[in-house]
2 protein chains.
Amino acid sequence: MNSKYVSLYGDIVSKIEKGIFPTNSKLPSESSFMEEYGISRDTVRKSLHLLEQNGYIHKIKGKGSFVLDFSKFNFPVAGLISYKEMVEKLNLHSKTIIHTMELEPPDSNMIKLLDLTEGEKVWKVVRVRQINGKKIILDKDYFNSEFVTNLTKEICEDSIYGYIEKKLGHQIGFSNKEITVEPCSDEDKQLLDIDDYNMVAVVKSTVHLMDGTLFQYSESRHRPDKFKFTDFARRT
Amino acid sequence: MNSKYVSLYGDIVSKIEKGIFPTNSKLPSESSFMEEYGISRDTVRKSLHLLEQNGYIHKIKGKGSFVLDFSKFNFPVAGLISYKEMVEKLNLHSKTIIHTMELEPPDSNMIKLLDLTEGEKVWKVVRVRQINGKKIILDKDYFNSEFVTNLTKEICEDSIYGYIEKKLGHQIGFSNKEITVEPCSDEDKQLLDIDDYNMVAVVKSTVHLMDGTLFQYSESRHRPDKFKFTDFARRT
DNA sequence: CAGTGGTCTAGACCACATA
DNA sequence: ATGTGGTCTAGACCACTGC
């Protein structure tokens with residue numbers, strides 16, 4: 001089903017995570033992967049390139065490929081991942097409370113953000129994420145209703161991304177994110193267990209499908225003490 | 001000097017930025033780049049892959065490559081870029097004030113963060129960044145003195161990365177970042193024009209050389225209203 | 001059907017590291 | 001000298017899009 005280079009990538013990732021390829025150790029050479037898997041060098045190189053981009057390994061010309069230490073700054077809440085997927089990955093105790101779910105005509109700001117045309121409506125979904133009994137995150141999502149039709153309470157409580165990908169058959173492609181720190185709004189104070197904090201960390205993003213169409217704008221507002229974003233970058 | 005695929009990448013980037021390849025338009029096909037530049041398809045594909053990763057284009061099987069809208073998600077403070085490079089890119093009016101610059105034995109926390117061995121010392125550099133007359137950012141950098149030797153006030157006021165890359169001949173490779181929001185420390189209040197804010201956005205990072213050696217830990221503390229981080233991500 | 005991008009191969013030459 | 005990764009080529013077949 002998968003391409004060869006993706007399955008080799010997956011094999012190596014799981015061997016790194018299991019410690020079969022330990023941190024700081026040298027990975028087998030490209031040619032030994034060629035032999036072991038009976039594939040061409042270019043295909044091996046595609047797998048290693050993927051590992052490199054995702055921060056698993058580091059390649060040095062003439063020396064080899066080395067497993068990086070990714071325990072120091074743990075997981076990527078970065079990337080394009082849904083709240084449900086994150087909760088499952090981190091094994092959190094979480095509950096989602098739906099505050100608003102309505103189909104409405106967009107205001108001028110949303111028309112601009114979602115590139116809407118006359119007459120198109122948007123789904124506005126406001127959800128509160130409760131973790132370990134505390135209301136920590138306020139998620140405000142706006143979906144172009146041309147692409148995301150028929151939302152229900154059940155879908156919003158479970159996973160909207162799952163619905164879009166599995167039921168509607170759309171493929172989610174890429175996103176832009178922006179992280180800022182803003183003063184608490186009245187809505188934040190009302191809906192979150194904000195304690196004495198007077199600011200929130202805000203992640204604003206636009207999300208596109210594989211074919212390039214923009215379908216979602218979202219604003220995720222986090223209690224500042226519970227917010228963490230990690231990133232891996234290379235010098236270019 | 002550069003490889004073929006990097007120079008083709010550069011050509012296309014500049015054509016996109018100049019508007020010769022406009023937003024949302026279709027890029028020439030891989031085969032037309034092959035002809036135009038007299039190179040193989042694989043080499044063209046490497047260039048396009050780079051463009052895709054950096055958020056310039058989006059490829060759709062059977063249709064073509066399309067230029068993404070670059071204006072919505074403006075500049076990358078993301079990536080691995082120095083303060084000086086950012087200031088120059090964004091054309092800011094900035095001044096750097098050096099608060100501390102000393103060679104000292106590391107505490108136990110720094111030994112762990114920088115993977116130090118017995119007897120190695122670290123350069124501790126604390127700098128305040130003033131933008132448009134306001135003290136906005138407090139940068140605390142720690143360098144392993146085995147790799148970064150002989151810092152001077154002039155270097156710290158100009159660009160430490162420039163010194164490392166151009167004078168010492170090291171190549172900066174990759175980094176891990178972590179973004180959090182923390183309460184103001186006394187030091188923040190004392191050194192920054194913090195106004196009435198009681199929190200700061202904090203970017204902690206470790207930076208490695210091309211050969212994998214860890215040489216820097218840094219903590220960048222930003223006044224919350226002036227902080228913005230942008231990111232581009234793909235679904236995997 | 002022709003045009004597009006996605007995967008894969010086999011082979012070549014180069015640059016760098018190590019011994 | 002050998003082993004490593006980095007670049008490049010020429011050709012093949014597939015899957016998807018659009019006419």
Side-chain angles (χ1 to χ4, degrees), chain A residues 1-12 21 24-53 56-68 169-171 173-174 208-213 234-236, chain B residues 1-12 21 24-53 56-68 169-171 173-174 208-213 234-236:
Chain A
M1 188 93 263
N2 266 345
S3 51
K4 292 184 184 178
Y5 80 91
V6 171
S7 57
L8 173 55
Y9 168 80
D11 276 12
I12 299 177
F21 295 146
N24 293 324
S25 70
K26 187 158 141 347
L27 228 52
S29 70
E30 296 180 349
S31 51
S32 51
F33 279 123
M34 284 171 64
E35 275 191 31
E36 188 182 345
Y37 286 80
I39 56 182
S40 74
R41 179 157 174 238
D42 222 53
T43 304
V44 173
R45 285 179 60 74
K46 270 194 204 167
S47 309
L48 297 186
H49 186 64
L50 249 188
L51 287 163
E52 188 174 26
Q53 293 195 296
Y56 283 101
I57 66 168
H58 185 239
K59 305 171 84 175
I60 306 176
K61 193 197 292 192
K63 292 177 92 168
S65 303
F66 299 85
V67 180
L68 288 178
H170 289 137
Q171 284 197 286
F174 55 95
H208 300 246
L209 297 176
M210 275 295 184
D211 68 2
T213 56
R234 286 181 187 284
R235 183 84 164 161
T236 48
Chain B
M1 188 91 268
N2 266 346
S3 51
K4 292 185 185 177
Y5 79 92
V6 171
S7 57
L8 173 54
Y9 167 81
D11 277 12
I12 299 177
F21 295 146
N24 294 324
S25 70
K26 187 159 145 337
L27 228 52
S29 71
E30 296 181 349
S31 52
S32 51
F33 279 122
M34 286 171 65
E35 276 192 30
E36 186 182 345
Y37 286 81
I39 57 182
S40 75
R41 179 158 171 237
D42 222 52
T43 304
V44 173
R45 283 179 60 74
K46 272 194 202 165
S47 310
L48 297 186
H49 186 64
L50 249 188
L51 288 163
E52 188 173 25
Q53 293 195 294
Y56 283 100
I57 65 167
H58 185 238
K59 305 171 85 176
I60 306 175
K61 193 198 291 192
K63 292 176 93 168
S65 302
F66 299 85
V67 180
L68 289 178
H170 289 137
Q171 285 197 285
F174 54 95
H208 301 247
L209 298 176
M210 273 298 184
D211 68 3
T213 57
R234 286 182 190 283
R235 184 83 166 161
T236 50

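Every chain is numbered from 1 and lettered A, B, ... according to where its sequence line falls, protein lines coming before strand lines.
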Dot-bracket notation for DNA chain C is requested: 5' to 3', Watson-Crick or G-U wobble pairs only, both distances under 3.5 Å, with ( ), [ ], | and . as defined.
||||||||||||||||||.

Non-hydrogen atoms of [X] and [Y] that approach each other most closely:
X	Y	value
B:S32	B:S29	OG-O, 2.8 Å
A:F174	A:L209	CE2-O, 4.0 Å
A:L48	A:K59	CB-NZ, 3.8 Å

Want to settle it: does A:Y5 or B:S29 sit nearer the 5' end of DNA chain C, counting the closest nucleotide to each?
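Looking at DNA chain C, the more 5' nearest nucleotide goes with B:S29.
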
Under 4.0 angstrom between [X] side-chain N/O and [N] OP1 or OP2:
X	N	answer
A:R45	D:dG6	yes
B:K4	D:dT9	yes
B:S31	C:dT4	yes
A:T43	C:dT9	yes

Run the ring-centre check on A:F66 versus A:H58 and record whether the distance is less than 6.0 Å.
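No, the ring of A:F66 stays outside the 6.0 Å limit from the ring of A:H58, centre to centre.
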
For B:H49 and A:H49, I'd like to know if the aromatic rings sit close, meaning centre-to-centre distance below 6.0 Å.
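B:H49 vs A:H49: aromatic centres under 6.0 Å.
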
Taking atom [atom2] of [N] as reference, at what distance in whole Å does atom [atom1] of [X] sit?
X	N	atom1	atom2	answer
B:K26	C:dG3	NZ	P	12 Å
B:H58	C:dG5	NE2	P	13 Å
A:L27	D:dT4	CG	P	12 Å
A:E30	D:dT7	CD	C1'	12 Å
A:K46	C:dG5	NZ	C1'	11 Å
B:H49	C:dT7	NE2	C1'	13 Å
B:F33	C:dG3	CZ	C1'	16 Å
A:Q171	C:dG6	CD	P	13 Å

Would you call B:F21 and B:I57 a side-chain contact if the rule is heavy atoms closer than 4.5 Å?
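Answer no - side chains too far apart.
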
Treat primed atoms plus P, OP1 and OP2 as sugar-phosphate and everything else as base, then score nucleotides 10-19 of chain D 5' to 3': B for base contact with protein heavy atoms under 4.0 Å, S for sugar-phosphate contact only, - for none.
--B--BBSS-

CG of B:L8 to CG of B:L51: how many Å apart, nearest 0.5 Å?
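Going from CG on B:L8 over to CG on B:L51, the span is 7.5 Å.
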
Treating A:T43 as the side-chain partner and A:Y5 as the backbone partner, does any N or O pair qualify as donor plus acceptor under 3.5 Å?
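Checked: no pair found.
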
Does anything in residues 34-43 of chain B pair up under salt bridge (charged side-chain N to carboxylate O under 4.0 Å, His left out), and if so which pairs, sequence neighbours excluded?
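Residue pairs passing salt bridge (charged side-chain N to carboxylate O under 4.0 Å, His left out), neighbours aside: B:E30-B:R41.
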
